[in-house]
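So the structure is just underneath, and the comments pick up after that.
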Amino acid sequence: MSAKNVTVRYFAVLRDRRGLGEETLSTESDTVGDFIRELVVRYRLDLAPALIRAAQDGSFVDDSTPIRDGAQIVLVPPVAGG
Amino acid sequence: MFQLSHEPLIPWPVASDSAGGFVTFEGKVRNHANLRQVLRLEYEAYDDLAISEGEKLVAEAVERYRLESATVVHRVGLLEVGETAVIIQTAAAHRREAFAGCEWILDQLKHRVPIWKKEYYADGDSGWVGADAPGPNPELEAQLTQRQRRLAEIGDDGQVRLKAARVLVVGTGGLAAGCLPYLAAAGVGQLGLIDDDLVDLSNLHRQILFTVEDVGRLKVERAAQFVNRLNPTVEVHRHAERLTEVNADRFVASYDWIVDGSDNLPTKFLLNEACRRHGKPLVTASVHGFEGQLLTVQPDGPCLRCLFPTAPASRCVGTCAENGILGVVPGILGMLQANEVLKGILGYGELLSHRTLLLDLRSGETMSLSRTANPGCPVCGGGTDISDPCEVASMSEAHARLGVFIVVDVREPDEEPTISCDHVRLPFSTLDDLPEGNLVVVCETGTRSLRVAARCLAGGRTNVVSLRGGVASLAEYEPR
């Protein structure tokens, strides 16, 4: 296990709850799923982790995908308004 | 009360001490229709059905507009120019409801009550007239669409395809305000509109099909009127109801393309499933604050549930009313939805069927994220349908899941009324530690309580759930 630097972008309600749109951070999480859970706890994103989808480097990936060092990660929650 | 009459109609006097607004509408026989001179009209009704449908309509109007009373008398038989064909009378505490109810009855009457009208013209001709069917007008159509037909990708062939297309737009709010005008202007032959909502002042900053004068009126009626002013050759089908599990299949099956302009997750998911079952393409969009997302679901491509296999609780991300929304956001997303539909019908470009488009209108930045089918999708893959683990739909579900539990009310101290069963009050704004043990969290609407339950789950605590519907869902609860 080693620390990886990633850029994270928060969309919609996640951006509101995180209080910013983008940040670069270091994580020890191995997979995308672990990383989502880590951020939900760390920043009180107040959404069940199973409801948050992540795209790594431009493609949606499932939770078991390994985090790549230097990745661009976009976190997308359900969006309801219309 | 709804009646048919063979005798000439005269308005009757009404009085009520509690009603301040009385509206009497008289519909009369006019001497022209569609540029032809009309001499007389003949109304024919299927009596029993007309009366039963009419009574239903009147009862619905009374409830919808909180009328004190509503009465409709419709003529049948032969009528000369100047004679009264229908009288609608409404009484309400205030004038706004009386006016709105009266007009709603008239609009609905034309669609729902089986009364047919035959026009006798000065040239000796005569004909039965459909409720609102627009007459064919090839010359007008040709002029309206001449600039787009110049595009090689459209041409006359493309215009014929547009004319033959039937598009259903679910929800006539902010997304529809961006989408509907362009679908109508492009010459889509048939547009279906579904919405049971009335225009409210708080809608107008984004729902620009409507004006201040439309407040209190049915959105589908006003949207249909907008569409037909822009392009009178479009056939508009108005459905003043909500999309439900019962009617979704019927609606989806009757159209070629479905546009999701709804404002809630359950409707979006319901549409996704119905479109899958019927092999219909769906263009779905949703908005939040300054941001929006858009994707197209093709019958053989990845669906919305491939992306979100766990069904979120409907309040998990709040609503436009709670989060706020910039008016141009649904407008822009709605236009992009129209573009997807036009792409699909005409075959130009590339649909967003394997991508999700995210837009941030603060920065003007867009992201296009690729997505694939999910073998674990509960709709098109082999997965089981799992709901948001943080929410229960009722107190009985809470009992079934947790057994014994404590109720925690996270509303702020000034929120009323106090709930009657045993509970702990811990306001959301200052919430830190929660009691041990099984907890059912409640708030006013179920949004804040869901955040608390999600926070607990993320921290590894699985014995905390939020009650859907908030304190109102506690009302029938008898503690054991």
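Here is how names work: the chains are called A, B, and so on, in the same order as the sequence lines, proteins then strands, and each is numbered from 1.
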For the residue pair [X] and [Y], what are the closest heavy atoms and their distance?
X      : Y      : answer
A:R44  : B:L431 : NH1-O, 4.0 Å
B:C316 : A:L51  : SG-CD1, 4.2 Å
A:G82  : B:V287 : N-CG2, 3.7 Å
B:R371 : A:F60  : CB-CD1, 3.8 Å

What distance do [X] atom [atom1] and [Y] atom [atom2] have between them, rounded to the nearest 0.5 Å?
X      : Y      : atom1 : atom2 : value
B:M367 : A:Q72  : CE    : CD    : 9.0 Å
A:L47  : B:L450 : CG    : CG    : 8.0 Å
B:L369 : A:R53  : CG    : CZ    : 11.0 Å

Next item on the list: Against chain A, work out which of B:A454, B:S370, B:G459, B:S314 has the most heavy-atom pairs shorter than 4.5 Å and name it.
Entry: B:S370
Notebook entry, point to check: Any idea which of B:P389, B:S262, B:C456, B:A453 has the most non-hydrogen atom pairs under 4.5 angstrom with chain A?
Noted result: B:S262
Note to self: Can you tell me if A:L25 has over 12 outside heavy atoms packed within less than 6.0 Å of its CG?
What the structure shows: yes
Notebook entry, point to check: So does B:R461 have more than 12 non-hydrogen atoms from other groups sitting under 6.0 Å from CZ?
Noted result: yes
So for [X], is it side chain, backbone, both, or neither that comes closer than 4.5 Å to the heavy atoms of chain A?
X      : result
B:R355 : neither
B:R362 : side chain
B:E365 : side chain
B:A321 : neither
B:C306 : backbone
B:T372 : neither
B:L457 : side chain
B:C390 : side chain

Check: Out of A:A55, A:A48, A:G58, which one racks up the most heavy-atom pairs below 4.5 Å with chain B?
Finding: A:G58
Notebook entry, point to check: Where do A:V76 and B:T356 land on the side chain to side chain contact (heavy atoms under 4.5 Å, CB included) test, with the steps shown first?
Noted result: CA-CA 10 Å; A:V76 182; B:T356 292; 5.9 Å; no
Notebook entry, point to check: Side chains of A:R15 and B:D360: does their closest heavy-atom pair fall under 4.5 Å?
Noted result: yes
Checklist line | Validation row: B:Q293, A:F11 side chains within 4.5 angstrom (heavy atoms) | finding: yes
Notebook entry, point to check: For A:D16, which residues count as a salt bridge (Lys or Arg N to Asp or Glu O under 4.0 Å) partner, sequence neighbours excluded?
Noted result: none
